[in-house]
Amino acid sequence: MIFPPLLKPGDPVGITAPASKVNYEDLANGIGILRDEWKLKIREGATLHSAHYQFSAPDEARAADLQVMLDDPSLKAIFAARGGYGCSRIVDRLDFTRFREFPKWIIGFSDVTVFLMHLYSMGYASLHAPMVKNLGEAGGEAAAEALRRMLFEGSVSYHIPAHPLNLAGNARGELVGGNIC
């Protein structure tokens with residue numbers, strides 16, 4: 001499995017909406033965390049400011065927005081603004097040639113899982129993790145911190161509370177999966 005490089009403050013990252021339309025105001029807290037707390041340079045995709053029926057843009061425009069980010073060697077990560085529906089309609093339009101030359105973290109869940117599984121089939125790690133819309137939501141602080149640690153430090157640990165049916169010990173392995181519409 002190929003892991004993209006870890007992030008550091010000052011790195012440029014992209015934000016795109018490859019699925020459903022997003023209310024830009026709903027991204028403010030998440031963008032603030034990425035920019036002000038994590039000190040990342042934000043590049044916003046055009047799909048953050050458009051709508052086409054339930055999608056952020058027509059299929060061609062959503063694919064083009066993501067393709068620009070996949071091809072950009074300076075970007076270190078691409079965050080999905082939100083999930084919803086529509087990624088399966090564009091995954092086959094994407095060309096991962098430049099991505100292979102300059103791998104970067106692709107981050108999201110829900111409908112974005114189709115991209116994560118496509119990357120897995122190509123041998124690249126990605127992160128089934130909070131999207132920009134979720135980063136600033138109340139109650140999501142632990143998930144946001146786990147994402148930050150993974151992106152900047154390369155590790156995350158979990159504590160599973162004691163339960164009579166739990167087996168004590170440590171585990172290590174490859175985690176694959178997610179959810180998709």
Side-chain angles (χ1 to χ4, degrees), residues 1-20 30 34 38 40-45 47 55-57 59-135 143-158 160 169-181:
M1 187 65 59
I2 298 168
F3 283 74
L6 296 178
L7 300 186
K8 59 187 179 313
D11 278 344
V13 299
I15 304 173
T16 185
S20 295
L34 296 174
W38 298 6
L40 298 169
K41 293 181 182 173
I42 307 298
R43 295 208 190 135
E44 295 184 2
T47 54
F55 304 111
S56 65
D59 292 351
E60 300 79 21
R62 287 182 290 114
D65 199 40
L66 180 53
Q67 189 68 60
V68 165
M69 293 185 185
L70 289 170
D71 291 348
D72 187 337
S74 71
L75 290 182
K76 305 304 180 193
I78 302 171
F79 289 83
R82 65 157 297 171
Y85 172 71
C87 294
S88 61
R89 294 169 53 122
I90 67 170
V91 67
D92 291 334
R93 297 172 187 246
L94 299 173
D95 179 355
F96 290 87
T97 303
R98 294 280 290 163
F99 173 88
R100 285 184 177 107
E101 294 176 38
F102 304 98
K104 59 201 79 197
W105 292 105
I106 308 296
I107 301 146
F109 68 94
S110 186
D111 201 52
V112 178
T113 303
V114 73
F115 302 138
L116 308 184
M117 295 311 298
H118 186 77
L119 291 169
Y120 175 76
S121 73
M122 293 170 31
Y124 291 88
S126 58
L127 292 170
H128 185 267
M131 294 177 275
V132 177
K133 184 177 180 221
N134 310 111
L135 280 177
E145 177 56 18
L147 174 59
R148 188 203 62 76
R149 282 194 327 265
M150 183 60 214
L151 288 171
F152 286 83
E153 300 168 16
S155 67
V156 175
S157 62
Y158 297 95
I160 300 171
N170 295 311
R172 183 176 179 90
E174 188 174 299
L175 180 62
V176 178
N179 61 308
I180 189 164
C181 184

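Values below: all heavy atoms of this structure, side chains included; hydrogens, waters and symmetry mates excluded.
Scored by the side chain to side chain contact (heavy atoms under 4.5 Å, CB included) test, T16 finds P18, T47, D65, L66, M69, I78 as partners (sequence neighbours excluded). In this view, R62 and D59 satisfy the side chain to side chain donor-acceptor pair (under 3.5 Å) rule, not counting sequence neighbours.
At a threshold of 4.5 Å between non-hydrogen side-chain atoms, the residues Y120 and T113 do not count as touching. Contact annotation: the side chain of P73 never approaches that of E101 to less than 4.5 Å [non-hydrogen atoms, C-beta and beyond]. A heavy-atom distance below 4.5 Å is not found between the side chains of F79 and I42.
Atom CE of M150 sits about 10.0 Å away from atom CG of L7, to the nearest 0.5 Å. Atoms CZ and CG, from F102 and D72 in turn, are 9.5 Å apart once rounded to the nearest 0.5 Å. Taken from NZ in K8 to CG in L40, the straight-line distance is 10.5 Å, to the nearest 0.5 Å. Rounding to the nearest 0.5 Å places CG of D71 at 6.5 Å from CG of D95. Separating the CG atom in L119 from the CE atom in M1 is a distance of 9.5 Å, to the nearest 0.5 Å. Distance OG/S126 to CD1/I106: 7.5 Å, rounded to 0.5 Å.
Using a distance-only test at 3.5 Å, with no hydrogens or angles considered, a donor-acceptor pair links the side chain of W105 to the main chain of P5. Although no hydrogens or angles enter the test, the distance criterion places a donor-acceptor pair under 3.5 Å between the side chain of D111 and the main chain of C87.
Exactly one residue among V13, D11, L151 makes a side chain to side chain contact (heavy atoms under 4.5 Å, CB included) with W38. That residue is L151. Tested against S74, the residues K41, R43, K104 include a single side chain to side chain donor-acceptor pair (under 3.5 Å) partner, R43.
Considering all non-hydrogen atoms of both residues, R93 and R89 come closest at NE-O, 3.5 Å. Between A144 and P130 the shortest heavy-atom distance is N-CG, 4.3 Å. Considering all non-hydrogen atoms of both residues, I2 and P103 come closest at CG2-CG, 4.5 Å. When every heavy atom of M131 is checked against every heavy atom of S110, the shortest pair comes out as CE-CB, 4.4 Å. Between A129 and L147, the shortest heavy-atom distance links the atoms CB-CD1, 3.8 Å.
Residues F99 and Y124 bring their aromatic ring centres within 6.0 Å.
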Problem - From CA spacing to verdict: side chain to side chain contact (heavy atoms under 4.5 Å, CB included), R98, Q67 - result: CA-CA 9 Å; R98 294 280 290 163; Q67 189 68 60; 6.0 Å; no
